[in-house]
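Chain letters run A, B, ... following the sequence lines, proteins first, then strands; residues in each count from 1.
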Amino acid sequence: MKLPDGKVLTVERGSTSADVAAMIGPRLAKAALAAVVDGQTVSLMEPLESSGDIRILTEKDAATLTVLRHSAAHILATAVRELRPGAGIGFGPAIDEGFYYDFEVEAPFTPDDLATFEAKMAEVAAADMPFGRRRVSNEEARGLFADDPLKLERLEEFDDAEVITVYQNGPFLDLCKGPHVPSTGRLKHFKLLSAAGAYWRGDHRRQMLQRIYGTAFHTKAELDEHLHRLEEAKRRDHRRLGRELDLFQFFPVSPGAAFWTPRGTILYNTLEQFVRERQREQFLEVKTPLLYTKQLWEQSGHWGKYRENMFLVLDNETGEHDMSLKPMNCPSHHLYYASATHSYRELPLRYVTLDVLHRNEASGALSGLTRVRQFAQDDCHVYLREDQIAAEVKFLMDFILGHYDAFGLSSSLKFATRPEQRIGSDETWDRAEGALREALEATGRAYEVVPGDGAFYGPKIDFHVTDSIGRHWQLGTIQLDYNAPERFDLEYVGEDNSPHRPVVIHRAVCGSFERFIAILIEHYAGAFPTWLAPEQVRVLPVSERWTASGAELVSQLTAAGVRAQLVDRETLPYRIREAETLKVPYMAIVGEREAAAGTVAVRQRGAGNKQDVIARDEFVARLVQEIRERAQG
RNA sequence: GCUGGCGUAGCUCAGCUGGUAGAGCAGCUGAUUUGUAAUCAGCAGGUCCGGGGUUCGAGUCCCCGCGCCAGCUCCA
C-alpha cells in the first residue's frame, strides 16, 4: 500500500485500513476514523482488496464528518429500535448539516420522544460498540432483513454484480454501503433536532415514514457553534422581524399573500425603484394584463403542464373555469413581441414586467415571504438571435451579479438540465443545453451541474446567493427557451430579408421581490443600510421645549429627500430605546446646546452613546450622500 | 396536498387532573419636562381560531374545518 508521503507498506492479504493505521503508529491508529483507498472513502474495518494508494483519515479531515454523521444515523436507529422494537427502518444518510433516519412506526414521534432517543443514543455511544462490516449475497441479505419490508424493497434493486454489505453495531443491523467510524464511542457531540413525516423514497404516492433529524460534530465547540447559528437564524427570521419592525402581515383570508404596511411598502418601493433604475437603459418595461383566457395558456403549454399551479377563474358567460390569473409573464411578452415585425437590428430586445403573479402553491408549502401565492418577479424576456446567446448570457450574468453586489450578497451558479416533465423535442433540448453550457463556459465562472432541474421549456442557470450567516438562497435565473418561439411563431427579419426564429431567454434577478426582501431582512438582521431603511432618521428633542427646533430639522431632512420623523413623546431614554428596537439608522437629538448652535447630536444605530455633534447642514449633506451612494452601512 | 405540532388581549406568554380568564409590553388618561436602550400612577382591551359534540358545567376532553410552524412533495 502506498502512503501519501510516497512510502510503501507491505501488508498481509486480508488486512484492513485499521491494520495499516496501526503499522504507521499507535497515535494514528487511535485517531483514525476512516480511510481513503484509491480515491474511495472506506471504513477502517473494510478489507483491502488489492494494493493501491491509502490515506488514513482523522477528525481533521472534513470527509470524516460525513462518516461520523452517517454512523450517528445508525446509532439513532439503534436507539429507536431499542425503545420501539417494532419500528421499520428506511434510509438514514448523512446530509449537509447533519443526518436523518426514516422509520415506519404506528404512532408518530413526539418532541418528548426525541429527548428519550437522544439519551438512549448516548448510552449506545458510551457502550462503544464496534461497527462490523460484512459482505453478503442478496439471498443472505433477504434472510437478514426478512422482517424489514423497506429493506427488502431496496434489495430488489441490486443487480447481481453489485456488492451488498451490511453493517452491525451491537444489536442493530443495517443494509448499508458505509463507510462508518470504527465504533459507536466515536460519537460524542450530537443533538436530535426535529421529527417530521417524509414520504418513503420521496414519492408522495407512497406511505409516509417518520423522519428524525439530528446533527453531530467532532467537537463540542463545533456543535455549540452550529446550535448557536440555528438560534441566530431564528433571531433573524424575516417573519419575526417583519412583525417587530412592522413591515408586513399575513391574514388567514389570503393565505400566501403579503399585506405590506406603510414601512414595508417603503422598503418594497425602494427596492423596486432600484431595480427600475438599473434596468432603465437596456431593458423595456411593459405592463400586461393579469387575467387571460385559456387559449393563451394552451398555446404556451402552461395549460397542460402547469394548470394545477394556476388560479383558474370562472367565466360567467361560458360557466367554465377557462380563464386564469397569470403565473408567469412569458406568454404576454411573447404575444407582444409577435404583434409586430422585428428586424434583426433590434435584437436583443428585452421586455421586463414587474407585475404581480399568482401561483396556487400547495397549502403546506407556504412559508412567510419566501413561499407565497402572490408575488412579483423582476421578470424579463430577451428575444435574440442564436449567435447572440453567449454575449447575452454574459451581459445578463454581469447584470445579475452586480445587483447582488449592491447588497453584499455573494453567489454561486447552478446549471440545470432537462427535467422529466417537459415540452419540446430532444433535438431542441440538445441544442439549448449545448448553447447555454457554451455561454456559461465562456464566462469562465465556476458552476455546478444539476441534472433534471431545468424549467419545463428549457435549461437554466440558477444563481444561489449566500447571506451574512452563510445560508444559501436560490434567486436569479437565466433560462434558455427554444420552445416558446415555436409555439408563438416568433420571427425576426434577417439580413437576408427572410424570416428567422429568435431564441428567448427568461431572466429574473431578485427571483421575486417578496423572497428577495425576506432575504434582505435576514441578511441585514433588520438593520437595513440607510438607503433601504423605511425610516432613515428619527429626530428626538430632549424635551418638549425643543420640539419646534426638531420639527425644523425634520423639514430640512424631508426637503432633502430623507425619510425623517419627529418623536417627542415620553422620555429621551425611552425614545432612544424605541428607535434602536426599530433599527432606525440615525437618531438626531436636539436640545438646548444644539438648538443654540445650529447643530445636532447624531447617534448611530447600534453604536451606543458615541454621539457625533455636527452642524445640521453637514448632517443633511452626509445623509444625502450616503443614500445616493447606497452605502452598505 | 401529506405527517406531526401549535392557535388565549395589538405583541410575548401564564392558566394544575373540566368550575365561564391573568401578567408584562404596546394603547388610552393623568402627573412628570426629562441629555443617550424602558419615569410613575390609573384606565381600557379577550366571539380563549371557527363550527359541532360530550358534560350540570369546556380555554381545558372528542370530532370536523381554517390558519401558522417543522418537514415531505413542489418551487421564485
Side-chain angles (χ1 to χ4, degrees), chain A residues 100 102 105 107-113 193-213 234 237 239-240 243-244 246 249-256 306 308-309 327-328 357 359-379 419 421 453 455 460 462-463 473-477 479 506 508-516 518-519 540-547 568-582 587 589-594 601-611 613:
Chain A
Y100 68 77
D102 287 342
V105 282
F109 303 125
T110 66
D112 288 344
D113 289 335
L193 297 171
S194 62
Y199 297 109
W200 168 232
R201 315 219 73 173
D203 184 340
H204 65 276
R205 289 163 303 201
R206 307 288 309 260
Q207 75 264 42
M208 185 159 269
L209 307 180
Q210 294 301 317
R211 175 173 299 179
I212 296 177
Y213 284 94
K234 232 190 252 172
D237 191 314
R239 292 168 296 197
R240 171 199 177 119
R243 189 172 44 241
E244 287 176 1
D246 191 22
Q249 302 179 45
F250 284 92
F251 293 96
V253 289
S254 188
Y306 204 74
E308 55 180 45
N309 280 307
M328 298 182 191
L357 303 174
R359 295 185 190 173
N360 198 350
E361 300 292 344
S363 57
L366 302 178
S367 176
L369 287 178
T370 56
R371 272 310 284 285
V372 285
R373 286 184 174 149
Q374 180 195 299
F375 58 98
Q377 291 184 319
D378 49 346
D379 200 7
Q421 280 278 309
D453 205 33
K460 57 180 185 170
D462 283 331
F463 293 73
W473 302 90
Q474 205 231 293
L475 293 182
T477 185
Q479 310 179 349
H506 305 246
V509 183
C510 292
S512 74
F513 283 95
E514 283 74 6
R515 180 177 288 181
F516 195 72
I519 290 160
L540 308 175
V542 169
S543 77
E544 281 173 15
R545 281 176 63 203
W546 315 108
T547 294
D568 65 349
R569 48 189 285 285
E570 292 288 348
T571 61
L572 184 62
Y574 180 94
R575 286 173 284 153
I576 287 174
R577 180 185 152 82
E578 187 179 46
E580 289 280 3
T581 307
L582 285 169
M587 280 157 264
I589 297 159
V590 178
E592 187 170 8
R593 299 192 292 270
E594 291 78 12
V602 179
R603 176 177 164 133
Q604 222 173 324
R605 170 185 62 201
N609 54 10
K610 265 192 307 187
Q611 64 175 359
V613 181

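- The side chain of L572(A) approaches U34(B) more closely than any other nucleotide in the set A76(B), U34(B), U33(B).
- Residue contacts for E514(A): at a heavy-atom cut-off of 4.0 Å it reaches no nucleic acid atom on any strand shown.
- Residues forming a side-chain hydrogen bond (donor to acceptor under 3.5 Å, both in side chains) with Q474(A) (at least two apart in sequence, or on another chain): D462(A).
- Across all strands shown, A21(B) forms no Watson-Crick or G-U wobble pair with both key distances under 3.5 Å.
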Could you go through nucleotides 3-9 of chain B and list every protein N or O atom that sits under 3.5 Å from one of its N or O atoms, giving the distance for each pair?
unit_1	atom_1	unit_2	atom_2	d
U3(B)	O2'	Q210(A)	NE2	2.9
U3(B)	O2	G197(A)	N	3.3

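- Inter-residue side-chain proximity for F250(A) and R239(A) is flagged as unmet; no heavy-atom pair is nearer than 4.5 Å.
- For the side chain to side chain contact (heavy atoms under 4.5 Å, CB included) test, residues two or more places apart in sequence or in another chain that qualify with Q207(A) are E104(A), L150(A), W200(A), L209(A).
- Pairing of A58(B), defined by two Watson-Crick or G-U wobble distances under 3.5 Å, is not identified with any nucleotide.
- Look at the C1' atom in both U54(B) and C11(B): the space between them is 35 Å, to the nearest Å.
- Between the CG atom of N609(A) and the C1' atom of A38(B) there is a distance of 16 Å, rounded to whole Å.
- Counting heavy atoms from C-beta on, the side chains of R373(A) and L366(A) come closer than 4.5 Å.
- Closest to the R239(A) side chain, of the nucleotides C69(B), G35(B), G67(B), is C69(B).
- At the phosphate of A26(B), OP1 or OP2 sits under 4.0 Å from a side-chain N or O atom of Y574(A).
- Contact annotation for A365(A): base contact, defined as any heavy-atom pair under 4.0 Å involving a base atom.
- Distance, I589(A) CD1 to U34(B) C1': 13 Å, rounded to whole Å.
- Evaluation of atom-type donor-acceptor distances gives no pair under 3.5 Å for the side chain of Q249(A) against the base of G10(B).
- R243(A) meets the salt bridge (charged side-chain N to carboxylate O under 4.0 Å, His left out) test with no other residue; sequence neighbours excluded.
- In this structure, E580(A) reaches the bases: a heavy-atom distance under 4.0 Å links it to at least one base atom across the strands shown.
- The nearest whole Å value for the distance from the CD atom in E361(A) to the P atom in A76(B) is 9 Å.
- Rounding to whole angstrom units, CZ of residue F251(A) and P of G10(B) are separated by 12 Å.
- Nucleic acid contact class of R243(A) (heavy atoms, under 4.0 Å, all strands): sugar-phosphate only.
- Counting only distance, with no hydrogens or angles, the side chain of S254(A) and the backbone of F251(A) share no donor-acceptor pair below 3.5 Å.
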Under-3.5 Å N/O pairs linking protein and nucleotides 40-51 of chain B:
none

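- Counting atom types as modelled, E578(A) pairs no side-chain N or O with a base atom of A26(B) as donor and acceptor under 3.5 Å.
- The residue R603(A) sits close to a base: some heavy atom pair falls under 4.0 Å.
- Atom P of nucleotide G71(B) and atom CZ of R201(A) are separated by 23 Å, given to the nearest angstrom.
- Closest approach to the H204(A) side chain among A37(B), U73(B), U39(B) is made by U73(B) (side chain taken as heavy atoms from C-beta onward).
- Both thresholds, 5.5 Å between centres and 30° between ring planes, are met by F375(A) relative to the base of A76(B), so the two rings are stacked.
- Scored by the side chain to side chain contact (heavy atoms under 4.5 Å, CB included) test, Y199(A) finds H204(A), M208(A) as partners (sequence neighbours excluded).
- Contacts of V372(A) with the nucleic acid, taken as non-hydrogen atoms under 4.0 Å apart, include base atoms.
- Pair assignment for C2(B) gives G71(B), based on Watson-Crick or G-U wobble hydrogen-bonding distances that are each under 3.5 Å.
- You'll find a donor-acceptor pair under 3.5 Å spanning the side chain of R371(A) and the base of C74(B), going by distance alone.
- Here D203(A) pairs with R205(A) under the side-chain hydrogen bond (donor to acceptor under 3.5 Å, both in side chains) rule; sequence neighbours left out.
- Residue Y213(A) places at least one side-chain N or O under 4.0 Å from the OP1 or OP2 atom of C72(B).
- Note: CG (D453(A)) to P (C75(B)) measures 7 Å, nearest angstrom.
- Looking only at side-chain heavy atoms (C-beta outward), D378(A) and F516(A) stay at 4.5 Å or farther from each other.
- With A38(B), G35(B), C74(B) as the choices, the nucleotide that has an atom nearest any side-chain atom of R593(A) turns out to be G35(B).
- Using a 4.0 Å heavy-atom distance criterion, K460(A) is classed as a sugar-phosphate-only contact.
- Taking the side chain to side chain contact (heavy atoms under 4.5 Å, CB included) definition, one finds that T581(A) meets it with R577(A), sequence neighbours left out.
- The two atoms that bring V372(A) and E361(A) nearest to each other are O-CG, 3.7 Å, heavy atoms only.
- The pairing partner recorded for G50(B) is C64(B), the criterion being a Watson-Crick or G-U wobble arrangement whose two distances lie under 3.5 angstrom.
- Within the nucleic acid shown, G368(A) comes within 4.0 Å of sugar-phosphate atoms alone, with no base atom in reach, counting heavy atoms only.
- Rounding to the nearest 0.5 angstrom, the gap separating the CE atom in M328(A) from the CD atom in Q377(A) is 7.5 Å.
- G53(B) and C72(B): their C1' atoms are spaced 33 Å apart (whole Å).
- Side-chain to base pairing of Y199(A) with G1(B): one donor and one acceptor N or O lie within less than 3.5 Å of each other.
- Rounded to a whole angstrom, the distance from the C1' atom of U20(B) to that of U34(B) is 46 Å.
- Backbone-only contact: Q474(A) has heavy atoms under 4.0 Å from sugar-phosphate atoms and none from a base.
- Among G35(B), A70(B), G67(B), the nucleotide with an atom closest to any side-chain atom of S194(A) is A70(B).
- When the side-chain nitrogen and oxygen atoms of R545(A) are compared with OP1 and OP2 of G35(B), none of them lie within a distance under 4.0 Å.
- Taking S194(A) as the reference, Y213(A) meet the side chain to side chain contact (heavy atoms under 4.5 Å, CB included) condition, with sequence neighbours excluded.
- Atom C1' of nucleotide U34(B) and atom CZ of R569(A) are separated by 14 Å, given to the nearest angstrom.
- Of the C1' atoms belonging to G18(B) and U55(B), the separation is 9 Å, rounded to the nearest Å.
- Both distances falling under 3.5 Å, in either a Watson-Crick or a G-U wobble arrangement, place G42(B) opposite C28(B).
- We find that CZ of R605(A) is positioned 17 Å from P of A37(B), with the value rounded to whole Å.
- With rounding to the nearest 0.5 angstrom, the CG atom of L540(A) is 12.5 Å from the CD atom of E570(A).
- Note on L193(A): nothing from the nucleic acid sits closer than 4.0 angstrom, heavy atoms only.
- Across all strands shown, G476(A) has no heavy atoms under 4.0 Å from either base or sugar-phosphate atoms.
- When heavy atoms are screened at a 4.0 angstrom cut-off, E308(A) is found touching no nucleic acid atom at all.
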